[in-house]
Amino acid sequence: MASSKIQSQMASSSTYLSSLIFTLILLLLPSHKQACFTSIFSFGDSLADTGNLLFYLNNNHRVSQLPYGQTYFHHPTGRFSDGRLVIDFIAEALGLPLVPPYLPGGDSRNFEKGINFAVAGATALNNDFFKSKGIHVNWNNKFTLDVQVELFRQFLPSICSTISECEEKLSSALFLMGEIGGNDYNDPFFQGKSLEEITTFVPLVINAISRAITEVIELGARTLLVPGNIPIGCNSAYLTLFHVSNNESYDQETGCINWLNEFSQYHNQLLINELQLLRKLHPHVTIIYADYFEALMPIFQSPEKYGFQSFPLSACCGGGGLYNYNLSCYCGDLGSTVCMEPSKYVTWDGIHLTEAGYKHIATSLLQGKYTNPPLITQTCFPETIVDLHDFKQYSS
């Protein structure tokens with residue numbers, strides 16, 4: 001009992017320190033009037049979607065109901081989580097309002113500080129590719145990455161009317177290019193395609209991301225944050241669908257599936273290589289790699305150290321099973337259950353993360369620990385946030 005109580009106290013302390021770190025980041029960053037970025041433009045999938053898919057489906061989706069949105073907003077917003085996403089935490093840290101979704105439209109003045117084109121279910125590759133491979137993609141996949149960039153191109157005249165005005169507007173904006181690419185692998189993996197075949201998709205996905213980056217640079221982007229893939233071998237859905245009795249398939253320290261994480265790392269390494277090439281082609285542009293994979297792995301290795309429960313592979317919301325992920329009963333469906341403390345869980349619904357998981361990623365990125373080059377220290381005001389390094393002891 002004493003040992004259990006001590007562990008509980010340590011976990012509570014770690015959660016408090018995590019919140020303290022994020023608060024310190026907010027305090028140490030420039031004020032809203034001195035923000036290093038004046039707006040945020042976002043592209044991607046459900047890890048970044050702040051309401052586009054829900055609007056497109058006319059609220060006909062399980063994310064239109066609680067428990068989605070319960071933690072921070074206390075109502076559904078179209079985010080595939082219990083609360084805020086990485087993009088939300090970055091906006092808050094930079095003194096900017098939460099980035100509104102594009103599809104609902106509205107007064108262009110509402111988009112002066114940014115707009116989000118990310119749509120849940122989106123892929124980097126287009127529909128023709130998946131059809132040629134016999135792969136079904138969700139929502140007819142109308143909002144692939146190239147479509148999102150085209151929507152951004154069409155949107156630009158509503159916020160700037162001359163070339164010089166657009167250059168000024170976009171040069172001071174932060175562009176979030178993802179996460180994107182996850183669904184290019186999720187759909188084929190879940191439909192039984194082999195690892196060997198899906199591995200051949202990766203260079204094509206990277207090329208599609210590279211083309212999108214190049215297009216927004218040509219339109220005037222000067223600072224881009226490009227996330228890599230998350231460790232899908234630690235994902236509740238993948239752990240359920242690819243569960244085997246052979247212990248050699250699992251990492252002994254984390255319980256994650258080795259070959260799936262190796263696949264994620266392969267994607268990330270090709271992306272890193274491509275970004276390096278793009279930096280040489282566009283030396284006047286800051287292209288930042290955001291390592292979501294490495295930002296999350298410490299949690300799976302030492303969950304209680306970071307304030308999470310001792311078994312971090314289970315989803316907070318789901319239909320039961322070893323990892324609380326059930327293909328016949330998704331989060332929000334009748335018969336599903338929701339954990340009492342989402343802040344103790346990394347995974348929300350089996351596929352997506354909790355607000356706590358996203359906050360951990362965002363805090364790590366803002367500290368510069370898992371960005372290359374560092375997001376804040378290289379692009380904002382180094383003298384203002386240099387003290388962040390003094391607080392690393394509380395988060396590592």
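Scope of the values below: all heavy atoms of this structure, side chains included, with no hydrogens, waters or symmetry mates. Just so it is clear, the structure is predicted and the values come from calculations on it, not from any experiment.
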**Item:** Backbone of C316 reached by a side-chain donor or acceptor of K344 within 3.5 Å
**Value:** no
**Complete:** Sequence neighbours excluded, the answer for ring-ring contact (aromatic ring centres under 6.0 Å, His included) partners of F263 is Y185, F189
**Asked** Is there any salt bridge (Lys or Arg N to Asp or Glu O under 4.0 Å) pair reaching into residues 232-255, and which pairs are they, with sequence neighbours excluded?
**Response** none
**Item:** With sequence neighbours excluded, residues passing ring-ring contact (aromatic ring centres under 6.0 Å, His included) with F152
**Value:** F41, F43, F117, F175
**Asked** Should the heavy atoms of other residues, nucleotides or ligands under 6.0 Å from CG of L277 be counted, would the total exceed 12?
**Response** yes
**Asked** Which pairs, with at least one residue in residues 208-227 and sequence neighbours excluded, count as a ring-ring contact (aromatic ring centres under 6.0 Å, His included)?
**Response** none
**Message:** Going by the rule side-chain hydrogen bond (donor to acceptor under 3.5 Å, both in side chains), which residues pair with E165 if we only count those two or more places apart in sequence or in a different chain?
**Reply:** S161
**Asked** Q191 side chain to H136 main-chain N or O, any donor-acceptor pair under 3.5 Å?
**Response** yes
**Request:** Return the orientation label for the Y238 and F190 ring planes: parallel under 30°, perpendicular over 60°, tilted otherwise.
**Result:** tilted
**Side-chain donor or acceptor of D88 paired with backbone N/O of L85 under 3.5 Å** = yes
**Listed partners of Y345 passing ring-ring contact (aromatic ring centres under 6.0 Å, His included), at least two apart** = none
**Asked** According to the ring-ring contact (aromatic ring centres under 6.0 Å, His included) rule, which pairs have a member within residues 213-236, sequence neighbours left out?
**Response** none
**Residue pairs, two or more places apart or on separate chains, that pass ring-ring contact (aromatic ring centres under 6.0 Å, His included) and touch residues 206-227** = none
**Prompt:** Residues two or more places apart in sequence or in another chain: which of them pass ring-ring contact (aromatic ring centres under 6.0 Å, His included) with Y72?
**Reply:** none
Show the atom names and distances, to 0.1 Å, of all donor-acceptor pairs under 3.5 Å that link a side chain in residues 203-217 to residues at least two apart or in another chain.
from : atom 1 : to   : atom 2 : distance (Å)
N207 : ND2    : P203 : O      : 3.3
S210 : OG     : E274 : OE2    : 2.8
T214 : OG1    : S210 : O      : 2.9
E215 : OE1    : R153 : NH2    : 3.4

**Message:** Please enumerate all residues that pass disulfide bond (SG atoms under 2.5 Å apart) together with C166, with sequence neighbours excluded.
**Reply:** C160
**Asked** Can you list every side chain to side chain donor-acceptor pair (under 3.5 Å) pair that touches residues 170-184, not counting sequence neighbours?
**Response** T38-S172, N183-N186
